[in-house]
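Report on the following structure.
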There are 2 protein chains.
Amino acid sequence: MALNSLGRLIPDTFAGRMLLPYSDPWSLQPHTQRSTRPTKRIAHDGNKILAGIREAIIASGLKDGMTISTHHSLRNGDQLLNQIVHEIDDLGIRDIKIASSSVHPVHAEIIPAIRKGVITGLECGVNGLIGELISRGELICPVIVRSHGGRARALITGEVPVDVAFLAAPCCDEYGNFNGFSGPSACGSLGYAKVDALHARTVIAVTDNLVPYPAVPVGIPQTVVDYVVPVESLGDPAKIVSTTTRITTDPIGLQIAKYAALVIESSGLLKDGFSFQTGTGGISLAVADHVRSLMRKGNIKGSFGCGGITGYFVDMLEEGLFQALLDVQCFDLKAVESIARNRNHQEISATMYANPFNSGAVVNRLDCVILSATEVDVDFNVNVNTESNGYLLHNTGGHSDTAAGAKLAIIVAPSIRGRLPIIRDSVTTITTPGETVDVVVTERGIAVNSKHPELKAELIRRRAPVKDIRELRDEIYALTGVPRPLEFEDDVVGLVEYRDGSIIDVIRKVKE
Amino acid sequence: MALNSLGRLIPDTFAGRMLLPYSDPWSLQPHTQRSTRPTKRIAHDGNKILAGIREAIIASGLKDGMTISTHHSLRNGDQLLNQIVHEIDDLGIRDIKIASSSVHPVHAEIIPAIRKGVITGLECGVNGLIGELISRGELICPVIVRSHGGRARALITGEVPVDVAFLAAPCCDEYGNFNGFSGPSACGSLGYAKVDALHARTVIAVTDNLVPYPAVPVGIPQTVVDYVVPVESLGDPAKIVSTTTRITTDPIGLQIAKYAALVIESSGLLKDGFSFQTGTGGISLAVADHVRSLMRKGNIKGSFGCGGITGYFVDMLEEGLFQALLDVQCFDLKAVESIARNRNHQEISATMYANPFNSGAVVNRLDCVILSATEVDVDFNVNVNTESNGYLLHNTGGHSDTAAGAKLAIIVAPSIRGRLPIIRDSVTTITTPGETVDVVVTERGIAVNSKHPELKAELIRRRAPVKDIRELRDEIYALTGVPRPLEFEDDVVGLVEYRDGSIIDVIRKVKE
């Protein structure tokens with residue numbers, strides 16, 4: 001056991017792995033070679049088509065103890081992972097680790113397979129019930145939560161050796177070229193899958209839309225795809241992309257967005273070449289709307305919009321407010337349509353988006369990112385993984401990656417959620433270290449990290465409600481009361497890995 | 001010493017490397033891991049811009065005995081390799097190997113550096129004077145000629161470990177994203193450079209056109225580019241792409257093209273889904289013109305055109321005769337303009353184009369390729385590397401790759417060139433094994449490889465001038481006389497490596 005630099009107690013090992021406690025966002029250097037895999041040769045007149053998922057599992061040579069992956073671009077519409085786990089179980093294969101880019105509520109279907117020992121580890125964050133059950137000790141399945149950039153790093157360095165990647169392929173030819181641009185499961189960018197395609201030992205494209213060769217534009221090429229499996233359906237297209245991302249109408253949310261926009265305006269970053277990322281939340285989109293107005297008014301030509309892309313950013317691209325969109329994941333149908341049409345709406349891989357261990361990720365070039373939080377502490381550390389009940393319910397996504405990369409990482413959150421204070425002495429889980437968080441914006445005021453005295457002064461000059469973060473906490477505690485500390489068992493059920501591979505926090509079993 | 005399966009005497013070693021004699025086009029299997037390199041981390045606010053080539057060489061850590069590469073998409077307009085070699089010499093670095101994708105006549109400028117021991121090996125084919133001097137023993141510099149696919153294989157398997165790749169970047173941002181679509185040195189596809197970008201230990205983008213971040217579409221991403229060097233000029237744009245590819249007007253060439261088109265028509269391949277590659281030669285283009293007419297007439301919707309792309313193929317794409325173009329290299333300005341505009345004009349890497357050791361190259365999907373020859377023997381073996389004077393003057397390009405991949409590899413050549421017979425008992429050098437060559441077309445008749453009795457019968461039925469290849473040889477010898485065998489010294493000055501890494505032939509010093 002050792003305390004990491006944020007005071008979290010980190011065990012020496014977890015699930016058989018030696019752990020390195022988190023120290024700081026910048027100094028850890030890689031010491032490994034890029035992961036490799038055997039070079040292959042296929043018969044020059046060979047056929048890659050297999051009859052189904054089961055045949056693909058057999059062809060891949062999947063064995064007890066191995067690791068599989070899928071990508072999460074189909075989100076809560078995905079049925080592929082469920083089908084794969086079902087077939088693995090049926091084939092009598094056990095002790096499989098899942099290293100998908102994310103697991104969603106729809107994958108609660110694999111819970112029986114976890115109980116049965118078919119699945120014995122999650123090398124990825126989980127959204128929803130599986131995480132809750134693991135947190136409560138009702139499901140034994142070591143889980144390692146990684147950011148998007150951290151996952152790319154882990155696959156590329158070989159920290160997570162993926163034996164077989166099953167990649168949902170919305171538009172695919174029989175020789176394995178595929179993209180996400182069309183078909184019933186069109187998801188747009190295949191940013192996460194690109195990493196698996198290059199680093200998994202065996203790559204299987206699973207498609208519900210087999211098109212004549214060649215499937216162009218080629219997102220993932222035939223050269224790295226070993227088998228192609230046509231299936232009836234990859235899942236529920238209606239749940240793949242949300243068509244309902246829209247600006248909040250909640251007055252508290254609108255107030256927060258207004259303050260956040262004021263922070264951006266005061267930062268001096270909003271000028272030609274401005275780069276920007278928001279999420280899909282209603283507050284984020286309201287901030288984007290303010291930024292759009294400011295850019296129009298100032299005749300500002302931005303550089304790029306980044307991250308999960310929404311139709312909002314597509315509008316800004318097409319209006320000329322951004323020169324390009326750098327898209328690791330499309331968040332709505334408008335983004336999917338745009339990436340297939342706009343040549344400057346660029347699909348990027350997760351390593352290009354956010355991996356700290358390459359020759360430079362896109363997040364390093366971000367001026368401003370708008371991020372959410374379930375909790376923030378008085379040192380600006382942010383939790384997005386657990387809720388205040390201690391349950392692991394959310395993935396990290398690009399949170400810690402963009403916070404580290406961006407010049408200005410702004411957390412937007414209501415001060416109180418479900419009668420619980422968002423700003424507090426200590427967060428349940430640290431996802432993103434406070435040293436990478438610049439400003440916290442609530443409807444009750446704006447807290448500026450002490451490393452930005454000039455921004456703070458400028459905000460005060462503009463009569464913004466700047467408050468010390470402790471002052472803000474006290475004000476909120478006065479309404480909610482001091483939150484009762486959660487009680488945990490000693491058992492560590494999961495890790496929160498920082499993007500560089502060090503352990504920033506652990507998930508402990510909740511005492512109930 | 002050992003005889004390979006084509007009867008060529010192959011030494012056991014060359015330039016310190018153990019050699020494997022060629023056996024057949026299909027059976028050799030890879031036994032290596034994909035080459036790897038150290039993972040890196042750059043400062044998140046780091047700057048990649050260096051002041052010049054010299055600074056880049058220093059920053060790369062280039063040392064005596066290492067290997068460098070460039071790509072040849074700027075062809076005979078390239079000045080980058082000359083500049084690099086000049087600076088390497090000036091820095092006192094010696095014993096450097098060049099593993100560029102090709103070396104052109106313009107690079108004769110490096111001959112003094114070869115004489116001086118700055119450059120001590122060419123891990124690539126050469127076009128022009130350097131090869132001639134090596135063949136004559138006037139320049140000591142072991143040369144290993146590889147096909148485009150073979151070079152990709154050699155970099156990926158680590159047979160050729162490239163220490164520093166200097167990649168000409170026609171449209172590049174300061175963080176290293178680049179493409180070949182615009183700027184004074186626009187060359188279109190960066191198909192060859194893509195392999196170096198992923199497998200060289202250090203990657204340097206050299207650009208005469210620094211654009212605001214991000215340079216989209218991203219051909220080669222920032223994640224693999226270590227340094228960016230802005231320079232005044234990469235070379236002579238006028239020589240980068242030829243604007244003069246046009247159909248032959250020579251009656252012999254037109255006759256050959258007509259016969260070749262008849263072969264294609266008779267093959268049964270010319271139907272929906274047809275895929276096709278030609279070179280830039282006037283005869284090739286005349287064949288393409290016939291094929292276009294036949295496709296129009298038959299209302300045939302082809303699958304893809306491939307290889308080095310000309311405006312001719314762009315027209316066929318835009319006319320709907322092909323569904324896509326798969327482009328490893330643009331051969332003219334029209335192709336450059338098209339790849340920047342047409343989403344189904346797809347840039348592909350050299351490994352995707354032609355590497356035999358991956359999960360499937362594009363050449364495997366080719367129906368028909370039109371290829372040239374300097375000589376063909378009675379077993380259909382083809383020489384494109386040397387001329388009948390024994391001098392190494394030409395690179396292999398995709399010759400042996402496409403011949404192996406395509407269902408129908410047609411050699412088009414005049415029967416006599418410079419009073420020398422093209423079809424002969426034995427070729428000076430074997431580039432492409434006869435077992436991968438299907439038909440040889442000359443103006444005096446068509447020779448069909450015995451593995452295609454049905455095609456032969458169909459051609460006879462259509463009253464085509466089908467002749468046994470020995471009959472054709474005799475007919476030509478009757479005009480030219482039997483060619484006097486060239487005399488060679490025992491000294492091996494170069495290797496012709498087959499695409500799988502085995503040695504299909506050697507280049508010996510010409511006795512003069």
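Quick note on labels: first sequence line is chain A, next is B, and so on, each numbered from 1. Nothing here was measured: the structure is a model prediction, and the numbers come from that model.
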Q) Using non-hydrogen atoms only, which part of B/Phe181 is less than 4.5 Å away from chain A: side chain, backbone, both, or neither? A) side chain
Q | Atom group of B/Thr202 that falls short of 4.5 Å from chain A, counting heavy atoms | A |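 Contact with chain A involves no heavy atom of B/Thr202 at all.
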Go through the atoms of [X] and report whether side chain, backbone, both or neither lie under 4.5 Å from a heavy atom of chain B.
{"X": "A/Arg365", "answer": "side chain"}
{"X": "A/Asp45", "answer": "neither"}
{"X": "A/Lys48", "answer": "side chain"}
{"X": "A/Tyr353", "answer": "neither"}
{"X": "A/Asp500", "answer": "side chain"}
{"X": "A/Val362", "answer": "both"}

Are [X] and [Y] side-chain neighbours, meaning at least one heavy-atom pair lies under 4.5 Å?
{"X": "B/Ile348", "Y": "A/Pro221", "answer": "no"}
{"X": "A/Pro214", "Y": "B/Gln346", "answer": "no"}
{"X": "B/Pro38", "Y": "A/Arg34", "answer": "no"}
{"X": "A/Met352", "Y": "B/Asn177", "answer": "yes"}
{"X": "B/Phe357", "Y": "A/Lys40", "answer": "no"}

**Q.** Spacing of CD belonging to B/Gln33 relative to OG belonging to A/Ser35, to within rounding of 0.5 Å
**A.**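 These two atoms lie 9.5 Å from each other.
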With chain B as the partner, which of [options] has the greatest number of non-hydrogen pairs under 4.5 Å?
{"options": "A/Thr351, A/Asn355, A/Val225", "result": "A/Val225"}
{"options": "A/Pro25, A/Pro356, A/Ala324", "result": "A/Pro356"}
{"options": "A/Val216, A/Thr39, A/Ile42", "result": "A/Thr39"}
{"options": "A/Val363, A/Leu326, A/Asn358", "result": "A/Asn358"}
{"options": "A/Asn344, A/Val218, A/Ile156", "result": "A/Val218"}

Q. What do you reckon, is NZ of A/Lys451 surrounded by more than 12 foreign heavy atoms closer than 6.0 Å?
A. yes
Q: Identify the heavy atoms of A/Arg343 and B/Asn342 that sit nearest to each other, and give their distance.
A: NH1-O, 3.9 Å
**Q.** Shortest non-hydrogen contact from B/Pro30 toward A/Arg41
**A.**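 Scanning both residues, the minimum pair turns out to be CD-CB, 3.6 Å.
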Q: Tell me, out of B/Asn364, B/Thr157, B/Thr223, who's got the most heavy-atom pairs with chain A below 4.5 Å.
A: B/Thr223
